[in-house]
Amino acid sequence: MYKNRVVDTKRGIYMRSKTILFIFLIVFVVVFSVVLFPVQAEPARQWASDRKVPGYLEDTFTPFLLADQNRTVHAFTSQWIDDGSRRLAVVYRKWSLAGGWTRPIDVLLASSGSATFLGAFLDVSGTIHVIFAQGENRKVDVYYSYARVETADSASAWSTPMLIGPDLSGVNSAAMSGDLLGNLVVIYSGSLDGSGVYAVHSSDAGHDWSAPIQIFTPKTSDLTPYSLRLFSGREKQIQAAWNVVSALGVDEELYFSTYDIESANWAKSMELEKRVDYPEYFGPSFPSIVDNGNEIVIMYNGGNPYTGRPVDYGRPVQRVTVSTNGGLTWSSSITPFPFHVGRSGEHSLSLDGAGRPHALFVQRIETEVNGEYSIVGGIWHSIFENGSWTNPDRFVTTYSPHDVRSIIVQGNVLLVVWREDPGADEQHGIWYSYTILDSPELSLVIPPTPILEPIFSLKVTPTLALIPPDVSTISAIDLDKSPSGIAVNPASSLLVAFFVVILVLIGVILMYQFSSRRNR
């Protein structure tokens, strides 16, 4: 009897030891998983509260954004300055998740008249290339300048502007892009030998530029190209898109073209959509384009071509077309968000670290609640993946947003900027928000030595010179905090090591107790 009791006691101790070890093992696995693989909330629920960008005037247009691979966004726009004569200057500043916004600096000025920002491109060497317009509507010149990212916030660091588009009229839009080998491409609208889209290019990082050529001519003289866009996604090819507007401001057509870098030739422009001749039908406008190497995606605002849908026929909706063969052919345009309606200026496409297009647009959903008209508005965000768009998540802004632009930094930080609806009674400047995406963060890349260092000959108008700006602008730095619950705990390795040590100690103690009782 005594022997059986001893055996049962030993068996009980053994079973309890196994149970305790098993429980601690489960706890360890759970803690390990939580620490290393935290549950990530949907980006829609993790937008930072919108804030006003300090230092911009109330009527400043939404800034143009560029992202380097050093966790920094470079922002450009034109803003009124008062240095004895009221005029526009090209204004530059930076943003990062850790440091917020730097103060705005006037970096490019004209000796007389305004310097109107048109476009920019950041190459892999860390050189920022900028184009801007100078002059009145009937005589406009397009100029080019550059600076290194390290010193771009100093007016003296920018090169003497070079004239690349002389004696134009009606310049209202332009775009700039390039590749990894020092090739730069610029397109701009205007009238030189007639109204159309003109293009220039450089194969040596801006040292020399070709003469302007007309790559598109509207069907009739009363039509004007507008909302020009460029994007370089695949090797040796740059994509372009624009729409055409009538003299009355009616959007009529949407076009696409391709620039082949090796041959320096533009493909014949391809019409992607035309406005239906129907009263109050909204034609295609404000194209946005991205190319991830597999798909070229164009999103634009256009009339709803369907009847019997939540949005009435002809009313403005978001439209999308996709090419999987470099722009040779295109899918039929679709309306991916059939409940959303409205037109609020520019919208944006940007690519994350996994190559997925992210769409940001301003629209509303119209409903009736107890017979009363109601709207659900805001900035909407959707992701294009595996041939379909996610259900848009909504971000509510303090003031009615308009002309939204976005950029993805380091592959996983989505920054969005916008201005208030210009139809509002009062203007409240530029606003922004951001979110952390569930896409991989790209490796940091410190800008290397420039691919080709541009050396400018004095081909510019002698009267155009950089005037040192008054840098006594608002010095406000907005320190941001990352949304909670989405970043991996930086102390993960320490916590894991701690639990491993605790588990080993518990195991040693239990085994020692079991061995001691067994020897008794």
Side-chain angles (χ1 to χ4, degrees), residues 53-57 59-68 70 72-96 99-123 125-135 140-165 174-176 178 184 186 205-206 405 407 417 429-430 447 450 453-456 458 460-461 463-477:
V53 181
Y56 282 137
L57 300 180
D59 60 350
T60 298
F61 194 83
T62 308
F64 181 89
L65 306 177
L66 294 170
D68 62 25
N70 196 23
T72 303
V73 173
H74 306 269
F76 292 89
T77 190
S78 287
Q79 182 163 279
W80 294 106
I81 62 169
D82 188 4
D83 59 347
S85 62
R86 179 175 164 84
R87 53 182 174 153
L88 289 171
V90 176
V91 176
Y92 168 81
R93 70 194 312 173
K94 295 185 289 187
W95 178 87
S96 67
W101 293 95
T102 62
R103 62 179 181 173
I105 301 295
D106 312 329
V107 293
L108 289 168
L109 300 172
S111 58
S112 62
S114 293
T116 305
F117 174 81
L118 294 175
F121 174 71
L122 173 60
D123 67 29
S125 73
T127 299
I128 303 177
H129 308 266
V130 166
I131 52 173
F132 65 95
Q134 176 195 344
V140 178
D141 296 323
V142 176
Y143 283 87
Y144 159 77
S145 182
Y146 79 96
R148 294 284 300 170
V149 290
E150 302 91 346
T151 56
D153 56 359
S154 170
S156 61
W158 288 84
S159 66
T160 303
M162 174 182 284
L163 180 63
I164 62 173
M176 187 178 199
L184 300 172
V186 171
R405 288 174 172 172
I407 198 75
V417 293
I430 304 299
E453 182 67 37
I455 303 173
F456 288 95
L458 296 179
V460 298
T461 306
T463 57
L464 182 65
L466 295 178
I467 300 175
D470 176 10
V471 295
S472 60
T473 53
I474 297 175
S475 179
I477 297 179

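Quick caveat, the model's predicted, so the values are computed rather than measured. Residues: numbered from 1 along the sequence shown.
Once rounded to the nearest 0.5 Å, the distance linking CD of Gln134 with CG of Leu108 reads 11.0 Å. Taking NE2 of His129 as the start and CG of Leu122 as the end, the distance is 8.0 Å to the nearest 0.5 Å. Between atom CE of residue Met176 and atom CZ of residue Phe132 there is a gap of 11.5 Å, rounded to the nearest 0.5 Å. In this structure, Ser145 OG and Ile164 CD1 are separated by 10.5 Å, a value rounded to the nearest 0.5 Å.
Legend: residues meeting side-chain contact (heavy atoms from CB on, under 4.5 Å) with Ser114, ordered by chain and number and at least two apart, are Trp80, Arg87, Leu88, Thr116. When the ring pair (Phe, Tyr, Trp, His ring centres under 6.0 Å) test is applied to Phe64, the partners found at least two apart in sequence or on another chain are Phe117. Annotation: side-chain contact (heavy atoms from CB on, under 4.5 Å) contacts of Ala75 (sequence neighbours excluded): Tyr56, Pro63, Leu65, Arg93, Trp101. Qualifying side-chain hydrogen bond (donor to acceptor under 3.5 Å, both in side chains) partners for Thr72, counting only residues two or more places apart in sequence or in other chains: none.
Between Tyr92 and Phe76, the ring planes are tilted. Angles from 30° to 60° get that label.
Nearest heavy atoms, Ala133 versus Val140: CB-CG1, 3.7 Å.
Listed for the Thr62 side chain is no donor-acceptor partner under 3.5 Å among the backbone atoms of Val417. Formation of a donor-acceptor pair under 3.5 Å by the Thr77 side chain with backbone atoms of Phe61 is found in this model. Proximity of a side-chain donor or acceptor of Thr60 to a complementary backbone N or O of Leu57 within less than 3.5 Å is detected. For the pair Thr151 (side chain) and Ser154 (backbone), a donor-acceptor distance under 3.5 Å is absent.
For the pair Val107/Val130, no side-chain contact is recorded, criterion being any heavy-atom separation below 4.5 Å from C-beta on. Between Tyr144 and Val186 there is no side-chain heavy-atom pair separated by less than 4.5 Å.
Within the structure, every pair that satisfies the salt bridge (charged side-chain N to carboxylate O under 4.0 Å, His left out) test and touches residues 150-165, not counting sequence neighbours, is listed here: Arg148-Glu150.
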